[in-house]
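Okay, structure first, notes after.
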Amino acid sequence: MIVPKLRFKYFDKNWSSKKLGDIFSFKNGLNASKEMYGNGVKFINVLDIINNNKITFDVIKECVEATSDQISSYKVNKWDVLFQRSSETREEVGQANVYVDSETVLFGGFVIRARPFVEISSVFLNFQLKTDRLRKDLTQRSGGSTRYNIGQESLEKVTAFLPEIEEQTKIAEFLSSVEEKIMLLNNEYDLLCQYKKGMIQRIFSLKVRFKDEEGEEFPDWEKCELKKFLIPTLREVKKPNENFLSIGIRSHFKGTFHKGEQDPNKVSVDKLFLVHEGDFILNITFAWEGALAIARKEDHLGFVSHRFPTYTFKEEVITSEFFRYTYTLPNFSTYLELCSPGGAGRNRVLKKSEFLDIEIDRPCIAEQTKIANFLSAIDDKITAKKVQLDKLKTWKQGLLQQMFI
């Protein structure tokens, strides 16, 4: 008997297996020339398929000039399913989505339109097409070397599993409600991130100032060189004989160098340097965006190579909590550029002496603390929202695997 692990009450009938060719008629999209883009009818492309939970008229960005015959031939109807025809990776080819609006739109040459000719919930099938089972069926049917492609004949052979239409509708409605919750949480997360970014810009441009406990203004900010508060740290040790915690990797300003267990036989250097929680770590060989981090609790007693010099803070000058936000500023990236002339990627070496000569704007310690506490509180909210979001996404993924065959 073909039934999923998880079902709603009162549904107990067997599911049937059907080839997509028994459900849909397929058609390749319109190959438009460059001159046709920019005006005219909205035009579904691959990004519309992969960047949205469902395709609505409003999310479609591209437009194309088309004749009446082309509009008639390449029009997308409500509940049509659209497939990504090709991709650079096999894992991404054949991704699907469903158009849920009635306004006239067309579809592009890298897209295959699937139009149902039997009674089916396209939203239900769109969810099923994202399950591991159907994704594997789709990707195994793709071909190519530098680019992977899937055609109409291959799509027709993919097997879907269908309950009666009432159960399809129930599942589609339930999973759509889960997606709505994910979208709302994602919007809240994005708004918090934008708020933090905006507040950092306003605080460090002095458009927002904090006051002391008496309600008085803090002193003006002062210029301060990094060498006034960053103290070079050399805790040189021999390479361990057993696997060890390696944290010397590029961070791209993400605030962590944590890499995990490292096999000593795969590390070419014999000498390493010990890292303590709260150390400032600098990568002197980096791509243009730089690599800086303050070691966190999970990085304590990890190791870095000579390419990752570490520093401790003179906390009476600048606190590590305040500096954590300073080095993420766009102008700090510019300073790093000036300290690393020539080359590209790992051929660029940041000069430590010039790095320590960089000047930043420094408020007094009391205002630093207020700023760091304020921004840390926003970070805590962002982290909590991200945890909620990840849990809901994981739950949804689990539902997809249990509510379908």
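Computed over heavy atoms, backbone and side chain alike; hydrogens, waters and symmetry mates excluded.
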Does the [X] side chain pair with the main chain of [Y], one donor and one acceptor, at a distance under 3.5 Å?
| X | Y | value |
| --- | --- | --- |
| N126 | S122 | no |
| D279 | I281 | no |
| T310 | T233 | yes |
| K271 | E236 | no |
| D48 | N45 | yes |

With a 4.0 Å cut-off on N to O distance, would you call [X] and [Y] a salt bridge?
| X | Y | answer |
| --- | --- | --- |
| K136 | D132 | no |
| D357 | K227 | yes |
| K54 | E180 | yes |
| E213 | K370 | yes |
| D137 | R133 | no |

Going by the rule side-chain hydrogen bond (donor to acceptor under 3.5 Å, both in side chains), which residues pair with [X] if we only count those two or more places apart in sequence or in a different chain?
| X | answer |
| --- | --- |
| E164 | K13 |
| E179 | K396 |
| K223 | D361 |

Between Q168 and S121: side-chain donor-acceptor atoms closer than 3.5 Å: no
Summary of ring pair (Phe, Tyr, Trp, His ring centres under 6.0 Å) pairs that have at least one residue in residues 41-66, sequence neighbours excluded: Y37-F43
Ring pair (Phe, Tyr, Trp, His ring centres under 6.0 Å): pairs with one or both residues in residues 162-205, sequence neighbours excluded: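 For residues 162-205: F8-F174, F204-W221, F204-F322.
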Heavy-atom pair of closest approach, residues Y335 and E359: CE1-O, 3.7 Å
Results of salt bridge (Lys or Arg N to Asp or Glu O under 4.0 Å) for K19 - residues two or more places apart only: none
Step-by-step side chain to side chain contact (heavy atoms under 4.5 Å, CB included) determination, L356 to E225: CA-CA 7 Å; L356 292 173; E225 294 176 328; over 6 Å; no
